[in-house]
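This report concerns only the one structure given below.
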Amino acid sequence: MSELLAPAGNIESLDAAIGEGADAVYLGLKSFNARLRTSNFAWNQFEAAVESVHRQGKKIYVTVNTVCEESETERLYRLLSYLHNVKPDGLIVQDFAVIRMAQQFFPDMELHASTQMNVESAAGVNLLGREGLKRVVLARELGLEEIRKIKESTETQLEMFVHGALCVSESGLCLFSSFLGGKSANRGMCTQACRRFYTAEMPQGLEQGYYFSPCDLELIDRIPDLAEIGIDSFKIEGRMKSAEYVGAVVSAYRYVLDHWKEDRKGAVLAGKRMLSSDFARTKTSYWYNFKTQKEGVEKAGGEILNPAQAGGTGIFLGTIASLKAAPDELIEDAKKNASPDTPLEQLQIQMAQFSGGSYDPDPGDSIRLHRKDDSGRVSHKVRSVEVLENGKRWVDIPGGFHTGDSVYLLQTKSMAKRYPRVLPNDLSRYRRQPGDEKLPVLDLTPVGKNELSYFPEGLYVQVSTLSDVFVVQSAHPVRVIIELNHETRDGLLQRRTVLPVSKKQLMISLDPYCPAASEDSLRGTLDDLIAEGFTAFVVNNVAHIEMLKGKENVDMVGGPYLYTFNRWAVSWLENQGIGTFVMPYENSRKNLESTFEQSVRSRVLVPVFAYPALFRMRFKLPAKYDFTYFTDKEGGTFKVNSTPDGSFVMPETAFAITDKTDLLYNAGFKRLLLDFSKTKVTKGQLREVTNSIIKKAALPGVSRFNWKEGFYSPQQIEEYKAGNERAAAARIAGSGSGRSPGKTGNGRTDAGRRGGKHPR
């Protein structure tokens with residue numbers, strides 16, 4: 001019997017999931033999980049949940065599914081040690097560092113590969129299975145026949161999403177939110193750039209829409225097919241959704257799983273009726289109905305995208321038209337019943353009038369509020385509605401929202417149920433927390449003599465077409481990296497073009513998305529390329545490692561999508577036979593230098609110029625998307641390229657640190673990359689970029705991405721605020737002792753003494 005796996009973003013959702021018959025739940029703690037914006041579980045709540053769920057014969061999994069910087073590895077190790085002691089049934093992981101640490105220190109801990117690990121082929125599943133992972137959560141952009149093919153080719157358990165929100169980008173490959181301000185989707189901080197309202201430059205003029213906001217997945221009618229294939233676990237997305245939503249969706253899928261064998265059609269129809277109260281977005285079966293990859297590439301965009309669909313979830317109630325203060329007793333009631341980690345701002349309850357919607361919420365209804373600048377979203381259960389003589393209604397909402405912000409209905413009171421509480425009322429005996437264990441020092445493999453002959457010092461240039469290989473020769477690169485795509489594959493193998501560089505000077509970069517439909521053809525293409533004399537490959541998916549591992553005279557370079565943000569991840573890749581690495585585009589200088597010590601920096605290729613793909617979509621855009629350029633409300637300009645290999649959204653503003661090459665070279669990073677992927681290279685542009693390197697002059701109007709500031713860190717922000725408060729207190733105390741405010745004894749300001757800069 002397949003497992004029904006439900007989200008538990010908070011205690012109420014845990015009660016609903018278990019109460020409606022989920023076999024297992026998954027939840028996050030306060031760090032290292034991909035839904036940091038939900039409330040998550042405190043240590044004592046989690047420990048109690050594990051014990052209580054196990055007592056009911058159910059399972060509980062913990063998400064540790066974000067990438068980790070080098071400075072965080074000790075904290076990660078302490079978390080793993082804590083989890084090893086509390087004993088949930090499994091950890092859902094993304095970072096290779098977790099696999100590496102578990103292999104060395106916690107070998108009996110069950111690991112599941114997160115969908116963020118971007119696994120969509122039997123080759124990837126089997127590699128991870130041999131590395132000790134018991135289960136793989138498949139990427140969501142797969143069809144029914146692809147899933148069947150994977151299941152027939154592996155002994156590793158397979159888990160898949162069957163209901164809930166989708167990402168427009170291929171799983172684990174979205175860089176958009178990170179590019180906009182360091183809030184990385186790979187760090188659980190996604191600001192959902194796909195849900196935003198954009199202005200597109202159409203031939204007939206400017207048009208606006210939610211061009212990249214995907215519909216929600218609903219596969220309830222596919223459950224019988226997937227159960228027959230033998231999928232081990234059906235997963236419902238929704239750790240940021242209400243308990244009412246979780247309960248309604250779990251009950252529907254529970255019914256179908258329990259009854260489809262006796263009445264396939266009737267069970268599905270009943271399940272669909274039960275889902276009629278799911279006030280989420282328009283539903284889609286996405287890729288599941290397409291028979292071939294070509295059909296999916298051509299048509300899936302029309303299945304998942306709807307520009308007229310608002311980015312929010314639920315029935316649109318309108319925007320906030322007016323605000324006034326809430327009664328004191330309502331504010332006190334909110335404070336009394338709030339969870340301990342509810343932000344103070346949200347507890348400052350206020351009353352609001354809505355305009356523009358088609359439904360008036362009542363007490364007990366669940367609503368969701370979206371700030372118009374997309375900086376925050378909060379779910380809220382309505383407590384009070386004041387109806388005036390003229391029919392206008394004042395509804396209580398959390399603090400922190402303003403006129404113009406949008407409001408959506410999630411559930412009505414009539415749909416709400418009361419469930420038996422899973423956690424005990426008294427949590428005082430649950431006292432475990434991560435300790436202060438020291439993480440043993442890990443040294444990366446020293447560079448052997450002549451080991452890096454395929455990886456010389458100097459300038460590397462990456463391109464997407466064979467014609468661009470000729471253009472970039474004027475930069476005299478030591479290596480040219482060429483993408484393997486539908487155009488270059490034929491050119492490289494059929495020898496239609498005599499290239500101006502030898503095969504030993506060429507590296508071939510493999511696409512980070514490796515679906516089951518193209519797995520066999522890719523394996524054959526790689527064998528043919530090797531037979532033709534190509535020996536160096538940039539691998540961006542665990543499936544690539546499986547295909548190339550052990551091949552004679554083949555060198556693998558870990559690409560930027562095999563995320564190496566810490567040395568434990570690097571070490572795991574070293575154990576797979578990878579000795580050199582391309583820095584991830586999201587990385588910062590500080591973290592790069594922390595990960596790779598001086599003695600191993602010759603293993604790293606650092607991108608200094610790129611138009612990084614912000615969305616990578618496994619489909620062509622619909623025909624009505626007749627535009628290349630679009631802008632957001634802040635005026636940022638982006639471009640989209642729709643090809644037979646999928647669609648790619650890139651910034652009009654390049655990432656560039658070309659003026660910092662001396663700094664990199666002196667630090668020991670002597671291999672630099674100009675990445676012109678997905679662009680047409682011109683001699684003028686190439687000259688401008690190389691002149692920036694030669695003259696050490698910054699290119700105009702470029703982005704530094706996260707190179708200087710690093711990832712956005714809520715913890716860093718709190719530390720900064722606390723530091724400011726301490727400084728203010730010190731200034732007040734100092735003014736009383738006759739010193740000048742803000743000065744220390746040596747005349748330096750407090751800020752200067754701390755040496756800190758305002759984090760992003």
Side-chain angles (χ1 to χ4, degrees), residues 113 117-130 136 138-139 141-143 145-154 170-173 287 290-297 300 462 464-466 481-494 503 506-562 573 576-578 582 613 616-620 643-648 677-678:
M117 201 177 278
N118 182 30
V119 183
E120 53 278 327
S121 65
V125 171
N126 287 331
L127 175 72
L128 294 172
R130 282 196 296 276
V136 171
L138 293 175
E141 310 80 25
L142 290 172
E145 294 309 311
E146 289 180 297
I147 293 166
R148 189 192 311 276
K149 181 178 184 293
I150 295 171
K151 185 61 182 176
E152 290 172 349
S153 306
T154 186
E170 293 161 344
S171 299
L173 302 179
W287 205 276
F290 302 123
K291 300 298 183 185
T292 65
Q293 174 163 286
K294 183 178 180 181
E295 184 185 12
V297 169
Q462 181 162 328
S464 295
T465 68
L466 295 174
I481 303 174
I482 188 162
E483 280 191 348
L484 185 65
N485 54 44
H486 73 285
E487 185 263 336
T488 61
R489 177 175 54 248
D490 292 342
L492 291 170
L493 289 176
Q494 296 177 16
K503 291 171 182 175
L506 272 178
M507 291 180 165
I508 298 176
S509 179
L510 307 182
D511 191 281
Y513 195 79
C514 182
S518 59
E519 178 181 0
D520 293 339
S521 63
L522 177 60
R523 193 184 294 273
T525 297
L526 292 175
D527 288 342
D528 291 343
L529 288 167
I530 294 168
E532 282 288 321
F534 296 98
T535 60
F537 297 86
V538 179
V539 294
N540 283 296
N541 188 293
V542 289
H544 302 154
I545 302 173
E546 172 74 357
M547 293 177 186
L548 292 171
K549 198 173 182 180
K551 296 279 188 183
E552 191 173 353
N553 298 322
V554 167
D555 295 301
M556 290 188 287
V557 179
Y561 295 99
L562 290 179
L573 289 168
Q576 309 309 312
I578 298 175
V582 183
R616 305 180 71 99
M617 296 166 279
R618 193 197 174 188
F619 50 78
K620 287 183 178 179
T643 78
D645 296 304
S647 300
F648 308 89
S677 299
K678 306 290 185 276

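Shown here for Val542 and Gly124, the closest heavy-atom pair between the two residues is CG2-CA, 3.7 Å. Gly296 approaches Phe290 most closely through the heavy-atom pair CA-CD1, 3.6 Å. For the residue pair Ala113 and Leu128, the shortest heavy atom distance occurs at CB-CD1, 3.8 Å. Glu141 and Glu170 get closest at one heavy-atom pair: OE2-CA, 3.6 Å. Scanning all heavy atoms of the two residues, the minimum distance from Val538 to Met507 falls at CG2-CB, 4.5 Å. When all heavy atoms of Ala543 and Ala123 are compared, the closest pair comes out as CB-CB, 3.9 Å.
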For the pair Glu146 and Lys149, evaluate salt bridge (Lys or Arg N to Asp or Glu O under 4.0 Å) and give the outcome as yes or no after the intermediate values.
CA-CA 5 Å; Glu146 289 180 297; Lys149 181 178 184 293; over 6 Å; no
What's the verdict on side-chain contact (heavy atoms from CB on, under 4.5 Å) for Ile530 and Phe537, showing C-alpha distance, side-chain angles and the deciding distance?
CA-CA 10 Å; Ile530 294 168; Phe537 297 86; 3.9 Å; yes
May I have the step-by-step check of side-chain contact (heavy atoms from CB on, under 4.5 Å) for Glu519 and Met547, ending in yes or no?
CA-CA 9 Å; Glu519 178 181 0; Met547 293 177 186; 3.7 Å; yes
Please determine whether side-chain contact (heavy atoms from CB on, under 4.5 Å) holds for the pair Lys549 and Gln576, giving the CA-CA distance in whole Å, both sets of side-chain angles, and the decisive distance to 0.1 Å.
CA-CA 7 Å; Lys549 198 173 182 180; Gln576 309 309 312; 2.9 Å; yes
Begin from the C-alpha positions of Asp511 and Leu484 and carry the test side-chain contact (heavy atoms from CB on, under 4.5 Å) through to its verdict.
CA-CA 7 Å; Asp511 191 281; Leu484 185 65; over 6 Å; no
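Counting only heavy atoms from C-beta outward, the side chains of Asn541 and Glu120 approach each other to under 4.5 Å. No side-chain heavy atom of Val582 sits under 4.5 Å from any side-chain heavy atom of Ile481. Put simply, the side chain of Leu466 reaches to within 4.5 Å of the side chain of Glu487, judged on heavy atoms. Looking only at side-chain heavy atoms (C-beta outward), Glu532 and Leu492 stay at 4.5 Å or farther from each other.
A donor-acceptor contact shorter than 3.5 Å is absent between the side chain of Ser464 and the backbone of Ser677. A donor-acceptor pair under 3.5 Å is absent between the side-chain atoms of Tyr561 and the main chain of Asn118, judged by distance alone. Checking side-chain atoms of Asp645 against main-chain N and O of His486 turns up a donor-acceptor pair under 3.5 Å. The backbone N or O of Ala536 sits nowhere less than 3.5 Å from a side-chain atom of Asp555 that would complete a donor-acceptor pair.
Using modelled atom types and a 3.5 Å distance limit, the side chains of Thr488 and Asn485 yield a donor-acceptor pair.
In terms of the side-chain contact (heavy atoms from CB on, under 4.5 Å) criterion, residue partners of Val297 (sequence neighbours excluded) are, by chain and number, Trp287, Gln293, Lys620. Residues passing the side-chain contact (heavy atoms from CB on, under 4.5 Å) test with Thr292, sequence neighbours excluded: Lys294, Glu295.
Taking CG from Leu173 and CZ from Arg616, the interatomic distance works out to 6.5 Å, rounded to the nearest 0.5 Å. Interatomic distance, Ser171 OG to Arg618 CZ, rounded to the nearest 0.5 Å: 11.0 Å. Atom CD of Glu145 is separated from atom CD1 of Ile150 by 11.5 Å, given to the nearest 0.5 angstrom. Going from atom CG of Leu562 over to atom CE of Met556 covers 10.0 Å, rounded to the nearest 0.5 Å. We find the CD1-CD distance between Ile508 and Glu483 to be 12.0 Å, quoted to the nearest 0.5 Å. Thr154 OG1 to Asn126 CG: the interatomic distance, rounded to the nearest 0.5 Å, is 4.0 Å.
Glu152 has no carboxylate O lying under 4.0 Å from a charged side-chain N of Arg148, or vice versa, which leaves the two without a salt bridge.
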